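Below is one structure; the comments refer to it alone.
None of these values were measured; they are calculated from a predicted model. Nothing fancy with the numbering, it's 1 onward along the sequence. Just follow the structure's listing: the first ligand is 1, and inside any ligand the first atom is 1.
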Amino acid sequence: MPEADRRQPDQQAPSSVGPAGRPADPRSNYRGQSGTFLTSAQGTRLPDTEHSLTAGARGPLLVEDFHFREKMTHFDHERIPERVVHARGAAAHGVFEAYGTAGDVTKAAFLAEGVRTPVFVRFSTVLGSRGSADTARDVRGFATKFYTPEGTFDLVGNNMPVFFIQDAIKFPDLIHAGKPHPDREIPQAQSAHDTFWDFVSLHTEATHMTLWAMSDRAIPRSYRTMEGFGVHTFRLVAADDTSSLVKFHWKPVLGIHSLVWEEAQIAAGADPDFHRRDLADAIEAGAFPEWELGVQVFPDTEDETFEGIDLLDPTKIVPEELAPVQPLGRLTLNANPTNYFAETEQVAFHTGHLVPGIEVTNDPLMQGRMFSYLDTQLTRLGGPNFGQLPINRPHAAVNDNLRDGMHQTAVHEGVAAYLPNSLQGGEPKVAAKNRGGYVQLQRPVVGEVVRQTGVSDVAPVSFDDHFTQATLFWASMTDVEKTHIVEAFTFELGKVYEQSVKERELAVLACVDAQLCAAVAEGLGLPVPTAAREPATVNPSPALSQLVTVPGPVDGRQVGVIVSDGADLAGVAKLQAAVEKVGATLLVIAPHGGFVSKGKTRLPVDRTFLTVRSIELDAVVVATGTSGADDIKVRVLLHEMYRHCKALGAWGDGVEALTAAGIELDRAGVLVADVATAAHRKDLVAALGLHRAWDRFPEFTLPAR
Ligand code: HDD
């Protein structure tokens with residue numbers, strides 16, 4: 001039998017999925033619907049879906065109303081369990097194009113030069129429920145599904161390069177501590193509560209990650225401006241069977257940028273969908289988010305360390321100054337999902353979805369994940385056939401001998417779903433390595449049966465060292481970033497009720513850095529503890545800081561212009577052209593909806609003083625001739641932008657609105673001009689590219705050591 005005939009239609013990548021993973025043909029089965037009439041699930045056309053079948057116009061419902069019962073029963077079962085972690089997320093389709101630079105380290109076909117692989121990427125928060133706010137202080141998931149011709153590869157990473165724990169057996173404990181308290185189920189989507197701080201202060205291996213979680217990394221400006229990390233060390237295997245240890249990095253082309261904490265809090269109420277909206281809007285506007293995938297490469301030595309750093313310990317990084325990230329290819333997200341549930345909700349990632357040339361290591365956290373991801377889908381997606389859902393279908397040929405089970409959609413032919421068999425010609429055949437079979441690199445495994453995760457006698461920065469890299473992270477931050485970290489610790493511990501928990505965490509911070517500990521203790525009004533261990537002396541890693549000093553790209557950023565009828569709309573049009581030229585968007589903000597006009601010029605209004613919030617703007621400008629700009633809502637907007645260190649501008653008498661809002665005109669990032677000029681617009685765009693005017697940041701309050 002020809003091979004193509006043997007494969008079942010359901011087992012192949014649906015032909016309706018286009019290069020970006022989207023349905024190419026809108027009439028295809030991917031939509032799950034066809035025809036123009038409303039029908040029952042069995043295809044019977046229906047005359048009415050707004051009135052139940054009743055005994056008389058005012059009588060009770062009839063059980064024979066099969067349409068009512070089918071509609072209601074289906075509705076009653078529409079929800080599936082949300083993910084036990086990472087429940088809140090947003091996703092997009094895209095393509096990954098390889099540079100061909102990985103040939104020396106891996107044989108993975110999708111990393112060969114010029115190969116374009118469809119991908120689906122889901123970003124998420126960790127702790128919150130499915131309906132929680134996007135901007136909670138939290139780690140962000142960054143999970144990528146590569147639909148390669150050799151099978152699907154999932155890189156299930158986060159936006160931080162380390163993790164809270166070293167052994168997966170503690171994961172349920174960590175999550176129980178981080179999730180809302182089980183009695184009142186509060187607080188939602190937050191780590192600012194007793195159980196979380198109780199856990200991390202008792203598990204000091206979490207200290208490095210806790211520093212990351214209290215840093216600006218935990219409140220990204222956008223999914224588009226986050227780094228991503230595979231976290232664990234992976235083993236790559238080349239065609240000649242040589243192996244390397246690597247850490248995966250995603251570098252955002254737009255740079256790494258964050259919100260400030262007050263913005264994150266405002267957004268949680270004013271626009272809980274802040275990141276989801278930003279991702280979808282940017283893609284719809286053609287500002288396709290891009291990342292470069294890279295690897296840090298280390299020799300695959302017996303002790304699995306690099307420069308004394310244990311590569312199997314997921315609470316450790318290798319500073320980029322010691323091992324630069326080598327680019328492998330570029331990811332572009334170019335299409336929004338068609339249906340949230342079918343794609344974003346049902347996509348199932350698994351660290352065990354691997355392709356030849358990419359292998360796992362003995363990192364004990366990674367080893368545990370190899371079990372958990374498959375297991376969780378059985379509950380979440382209702383059985384073992386979740387791989388047949390359109391978003392999870394491999395784009396490689398599948399002939400798996402897996403049969404039956406809940407939600408089986410395939411009609412498998414043949415009688416011999418086992419191997420070896422003689423009734424089906426011994427097929428499907430197993431594939432040796434030279435036929436693309438996934439054959440693990442042979443590696444020796446020896447040892448006693450113990451419960452002693454990660455103990456190593458060769459690695460000084462080992463599983464037992466819980467503080468050196470936390471100190472490294474702190475020492476690598478700029479003053480602005482350090483102040484944010486102090487404020488975050490002080491805020492979160494300030495929400496803790498148990499004094500003993502706060503004191504224990506201060507004792508942890510004392511081992512990281514005296515200045516950090518003293519500043520947080522001061523904020524909490526508690527004494528500074530004596531350090532049980534002198535903080536380490538470290539060489540800072542500048543690559544860990546995300547502050548920029550030269551303007552970067554601004555694609556998809558939003559600039560607001562405050563106008564009214566009679567304002568300088570010609571100047572606004574020029575500003576719009578300048579902003580759009582660099583890939584950003586101009587939002588016209590006016591006292592009323594509809595249009596603003598001056599003479600014959602009319603401009604559509606995007607936001608009113610009532611509907612706009614500062615958090616959605618990266619910069620704001622007041623046009624000359626605007627009346628009503630001293631409105632309290634405008635003043636609040638301008639002042640928020642001012643204290644969040646965003647660029648502000650005005651020309652002509654628009655400047656009065658800035659002063660009415662208490663803005664000092666001579667401060668960094670405040671750009672005023674007498675008339676609308678090209679130079680003024682250029683300065684505004686440059687200020688936008690700097691992300692923030694940090695020089696305006698309130699005076700630093702860090703006490704001296
Ligand atoms: Fe996990 C989901 C990332 C440790 C168990 N994890 C999940 C998602 C991401 C990560 C991005 C969401 C995937 C999606 O969008 O559907 N997880 C990580 C990273 C970790 C990590 C980077 C540490 C380096 N995870 C981890 C451990 C375990 C799990 C140690 C358990 C042993 N993770 C899960 C899970 C989830 C999950 C319970 C929930 C939903 C799902 O898998 O599909 O299996």
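Checking Ser545 against Glu481 by side-chain atom types alone, a donor-acceptor pair falls below 3.5 Å.
Within a 6.0 Å sphere centred on CD1 of Ile169, heavy atoms belonging to other residues, nucleotides or ligands number 12 at most. The number of heavy-atom neighbours closer than 6.0 Å to OH of Tyr340, taken from other residues, nucleotides and ligands shown, is above 12.
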Before giving the answer on side chain to side chain contact (heavy atoms under 4.5 Å, CB included), spell out for Met406 and Leu378 the whole-Å C-alpha distance, their side-chain angles and the decisive distance to 0.1 Å. CA-CA 10 Å; Met406 289 282 205; Leu378 303 182; over 6 Å; no
Run through all N or O atoms in ligand 1 and write down each protein N or O closer than 3.5 Å, as a pair with its distance.
| residue | atom | partner | partner atom | Å |
| --- | --- | --- | --- | --- |
| ligand 1 | 6 (N) | His86 | NE2 | 3.4 |
| ligand 1 | 6 (N) | Tyr373 | OH | 2.7 |
| ligand 1 | 15 (O) | Arg122 | NH1 | 2.7 |
| ligand 1 | 16 (O) | Arg83 | NE | 2.7 |
| ligand 1 | 16 (O) | Arg83 | NH2 | 3.2 |
| ligand 1 | 17 (N) | Arg369 | NH2 | 3.3 |
| ligand 1 | 17 (N) | Tyr373 | OH | 2.7 |
| ligand 1 | 25 (N) | Tyr373 | OH | 2.8 |
| ligand 1 | 33 (N) | Tyr373 | OH | 2.9 |
| ligand 1 | 43 (O) | Gln377 | NE2 | 2.9 |
| ligand 1 | 44 (O) | Ser372 | OG | 3.3 |

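Screening Trp261, Trp474, Trp197 for a ring pair (Phe, Tyr, Trp, His ring centres under 6.0 Å) involving Phe489 leaves a single residue, Trp197.
The two residues Val398 and Pro394 come nearest to each other via the heavy atoms CG2-CG, 3.5 Å.
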